[in-house]
Amino acid sequence: MEKVPNEKIRKETQRSSKAPSEGAQMAATAALARIELKQAKAKLPTSQEMIRTKVKRELEAEAAAAVKPRTSSTEECQEIALQPDNSVFSVSGVYFTCPLTGATLRKNQRDAHIKEAILLYFSEDPISASIMKIHTFNKDIEKVKLGTETVAKYLENIHKHPEEEKYRRIRLSNRIFQERISSLEGAPEFFQAIGFEKKMLPVSGQENEEEFYVLKEELLGKLDDLEQYRENLLSGEPVKAMLDRNMQIFQPSIRASQFELPEDFYSLSTKELEREQKLRAEATERNSMLRTKAMREKEEKREMRKYNYTLLRVRLPDGLILQGTFYAREKMSALMEFVRSTLENDWMPFELLGPGGLKLEDENTPFNECGLVPAALLTFQWDTGVIKDIEAAGAQSNVNVLKPEHLAHIQTLS
């Protein structure tokens, strides 16, 4: 179930068939213990493959049915002129992967695509889809928390007191219901999906009937199911598109440290950035004699927060350049994990050096706090202690760096 939970299955990297000698293995094992990698679990729905196949098929069918009118040659020329020239950029943009369909999306496509995928999934599993909708469509986290906890309380009362009719009726005009649930997107679909129906019922002390949610009688024999729905609702999470690393590998190049980034990487538009830079330059000129080191460091940290993403390149021992996209606030451990996943000898410990040759040892440091945004070139080197142990054991230390499957996709850095 989705939101319900979102589980990302960790794939263990396979070891190289070129196993080192016993002495080298022992040395590597000892070194690995010093740099144990931490990998967080990302949640995926338990019915992940079923959801992905179903929704992707329906989205593809819709796309195939849509016929775009052919534009005139003049319109086509105007359309081309409006498109940015991605050839000048180090990367064409920031991309995401939909956890429901597996589709690759641009930043401006992700929200609409995910909403459409959730709505399409109602035909397959309305309970799961309604929980996804509640947690994804409503952006106010506190509102979602209060609303879902209130709905959960209704279900808990029914589970504990199934014989009492008052708990099986929810008055829609009730103040608590109005304040916490009535405006919650997805709530009506959830009530309907788990077995409630709307009915007009008399109210004691007044002439007019009012609208209620009433649990169907047949659901009283399935109280355990009702309890499961309650737990799923409370444990649900928003469906979020996952950042695509957009991994690329380049031939050795003297341009490795040169970056041209598209607007996707900035939290400000190009014009806003230009204005900010102008104002900053003017302020720097006025106050250069008065600014202390602490003030400069504070200003630098403030600048780092203007970037949402960072493009990182790692120069490997054989000169090849590995490139990937990361959130600016991700930690160094994410980069270490990304690099390790590409290595043929992934059991061997390694180090990354930042600009200037500084060893980046703290894997818990975010990129925007160690000067690696909006882009940076790092240097890869094997752990020197392990290399010495391997050579002392008579094994060859000049091993291939990347897995063979990656070597087939090497590009030239333009």
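What you see is a predicted model, and the numbers here were worked out from it, not measured in a lab. Just so you know, these numbers use all the heavy atoms, side chains as well, and skip hydrogens, waters and symmetry mates.
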Under 6.0 Å from the CD atom of Gln192, do we count more than 12 heavy atoms belonging to anything else shown?
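For Gln192, atom CD is not crowded (no more than 12 foreign heavy atoms under 6.0 Å).
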For Lys359 and Glu351, what are the C-alpha separation, side-chain angles and deciding distance, and is it a salt bridge (charged side-chain N to carboxylate O under 4.0 Å, His left out)?
CA-CA 7 Å; Lys359 186 183 295 186; Glu351 300 166 338; 3.3 Å; yes
Which atoms form the tightest heavy-atom contact between Glu156 and Arg230, and what is the distance?
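Nearest pair, atom of Glu156 first, then Arg230: N-CD, 3.9 Å.
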List the atom of Leu223, the atom of His159, and the distance in Å for their closest heavy-atom pair.
O-CD2, 3.2 Å
Between [Y] and [X], is the closest basic N to carboxylate O distance under 4.0 Å?
X: Glu363; Y: Lys331; result: no
X: Lys153; Y: Glu149; result: no
X: Glu209; Y: Lys199; result: no

Quick check against the 3.5 Å criterion: does Asp318 have a side-chain atom that pairs as donor or acceptor with the backbone of Leu320?
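Indeed, once roles are kept as given, a pair shorter than 3.5 Å links the two residues.
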Using a 3.5 Å distance criterion without hydrogens, assess whether the side chain of Ser341 forms a donor-acceptor pair with backbone atoms of Phe338.
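Judged by distance alone, yes, a pair lies under 3.5 Å.
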Evaluate the side-chain proximity of Leu378 to Leu353: yes if any heavy-atom separation is below 4.5 Å, no if none is.
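No, too far: nothing below the 4.5 Å cut-off.
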Taking only distance into account, with no hydrogens and no angle test, what donor-acceptor pairs under 3.5 Å do side-chain atoms of residues 246-260 form with protein atoms, sequence neighbours excluded?
| from | atom 1 | to | atom 2 | distance (Å) |
| --- | --- | --- | --- | --- |
| Gln248 | OE1 | Gln323 | NE2 | 3.0 |
| Ser253 | OG | Arg255 | N | 3.0 |
| Arg255 | NE | Ser414 | O | 3.0 |
| Arg255 | NH1 | Gln258 | OE1 | 3.2 |
| Arg255 | NH2 | Ser414 | O | 3.3 |

So, taking the atom named NE2 in His406 and the one named CG in Leu343, what distance separates them when rounded to the nearest 0.5 Å?
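Rounded to the nearest 0.5 Å, the NE2-CG separation comes out at 8.5 Å.
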Are Ser183 and Lys143 close enough that a side-chain donor and a side-chain acceptor fall under 3.5 Å?
yes
Non-neighbouring partners of Phe196 that pass ring pair (Phe, Tyr, Trp, His ring centres under 6.0 Å), sequence neighbours left out
Phe191
After noting the C-alpha distance and the side-chain angles of Thr150 and Arg180, does the key distance pass the side-chain hydrogen bond (donor to acceptor under 3.5 Å, both in side chains) rule?
CA-CA 7 Å; Thr150 303; Arg180 301 181 183 180; 3.3 Å; yes
Test Asp224 against Gln228 for side-chain hydrogen bond (donor to acceptor under 3.5 Å, both in side chains), laying out the working first.
CA-CA 6 Å; Asp224 287 342; Gln228 184 62 57; over 6 Å; no
